[in-house]
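Heads up, the thing below is written out as structure tokens.
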Amino acid sequence: MKKQIFTFAGGFIASLVLLFSIAAVLPENDSSPVKANIDRDRYYPGTEDLKPDEIRVTALGTGQPSVRPKQAAACFLVELGNGDKFIFDIGSGAHERIAAQKIPYDYIDKVFISHLHVDHFGDLASFWLGGTVMNRLTPLRIWGPSGATPELGTKYCLDKMQEMYIWDVKTRSGFVDFRGGVLEVTEFPYDQVNEIVYNENDVIIRSIPAIHAIDGSVSFILEWNGMKVVYGGDTFPNKWYLKYVAGADFAIHECFLPANLLVEKQGFTTSEALIVGTQAHTSPEQFGKVMSQVKPRIAVGYHFYNDFDTEPEVRERVRKTYDGPLSLAQDYMVWNITKDDIKVRMGVKDEEVWPSAAIRDKVAPKGSDEPPFSTFINSGRKPYLEIVQPIWDEVNEKYNTDVKLNK
Ligand SMILES: [Zn+2]
Ligand SMILES: [Zn+2]
């Protein structure tokens with residue numbers, strides 16, 4: 001019995017000595033089981049201030065037209081230390097990933113579209129109208145290229161989109177503060193070379209032509225605080241990208257699946273795979289060649305299904321022609337960029353995110369005294385006043401308002 005106590009005491013003392021030794025070795029403020037990590041290797045949206053000279057880029061869609069849970073279609077968010085935020089492309093499935101960044105809709109009202117393939121602007125309507133209901137109180141501003149003819153341009157496309165959604169617009173205006181329901185579309189010539197399409201608040205965005213499918217695809221070059229961030233739209237390798245992106249701090253360019261994987265995993269014929277994989281798009285080897293000439297501080301490839309069994313081959317093929325800094329983007333990958341450093345992490349998504357409250361004061365819509373229904377539909381209403389009136393009374397009392405129910 002005595003021996004056991006002795007052993008226990010000895011063990012206890014040894015543990016204390018060990019703990020003190022560890023404490024002496026650890027630097028002050030380092031992590032411990034009961035303190036938060038200081039140097040996070042994950043990005044938690046909504047929890048980090050950007051430094052005034054810092055840029056944060058978040059990949060919110062890196063996949064293909066056929067979206068999947070792991071990858072939405074093309075979308076990158078660029079946030080600047082001056083508070084400005086820009087979306088480059090808003091492909092199918094991107095809206096929910098934008099929402100996961102926990103940014104009020106009023107602060108993400110600038111969208112730049114590289115071309116009018118659905119995998120590059122397929123979630124625009126959802127973001128526009130969904131955002132309008134969810135507290136965007138300013139117009140949504142959109143920039144996009146012209147086409148070879150007027151009906152192939154961004155303006156025509158988005159005019160038609162607004163017409164198409166007339167039922168949606170009509171049902172919301174008058175019921176919610178609808179000031180954000182307006183689209184402001186700026187179309188610029190697709191064939192302009194390094195001309196300015198946006199110049200506000202010391203941020204300049206230029207466009208250069210891209211070569212993809214038919215005329216009307218572009219890439220964007222954002223300049224701010226002495227740094228250059230480039231978003232490449234779909235393209236065959238082109239001379240404008242080589243010339244105007246040279247030396248960029250952050251260069252995104254498409255990097256398509258190798259032709260053999262298009263055949264084996266996606267069921268393409270060899271001719272489809274070779275044409276799509278190396279002529280309509282840029283193969284990993286072509287991507288590497290482009291980046292070896294552009295020499296950015298970091299090259300970012302996207303637009304392929306990035307999985308455990310595809311990424312190694314894509315990387316190996318890129319490495320045949322490029323040996324510089326490289327990210328093969330996945331959805332929620334985040335880069336913090338300053339003049340001295342580029343840090344890459346994966347972001348964490350909150351599945352239960354809610355839209356942030358409106359920044360501006362909301363204006364209660366006037367609504368209508370008459371139900372917006374035909375006599376026929378109206379005749380089918382079951383008002384249940386004995387249930388509904390108490391709800392109105394309860395809410396009015398709680399928030400000290402006097403909203404009247406039309407009976
Ligand atoms: Zn495309
Ligand atoms: Zn695409």
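When a ligand or atom number is given, it counts from 1 through the structure's own listing order.
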Partners passing salt bridge (charged side-chain N to carboxylate O under 4.0 Å, His left out) against D89 (at least two apart in sequence or in another chain)
none

Do F86 and Y198 make the cut of ring centroids closer than 6.0 angstrom?
yes

In the shown structure, where waters are left out, how many protein N, O or S atoms lie under 2.8 Å from the Zn ion (ligand 1)?
4

Which residues share a side-chain contact (heavy atoms from CB on, under 4.5 Å) with M164, sequence neighbours left out:
none

Picking from V353, V334, I108, L77, what satisfies side chain to side chain contact (heavy atoms under 4.5 Å, CB included) with Q101?
L77

Sequence neighbours left out, what passes side-chain contact (heavy atoms from CB on, under 4.5 Å) with V263? Give chain and number order.
T270, A273

Taking atom CG of D49 as the centre, report whether more than 12 heavy atoms of other residues, nucleotides or ligands fall under 6.0 Å from it.
no

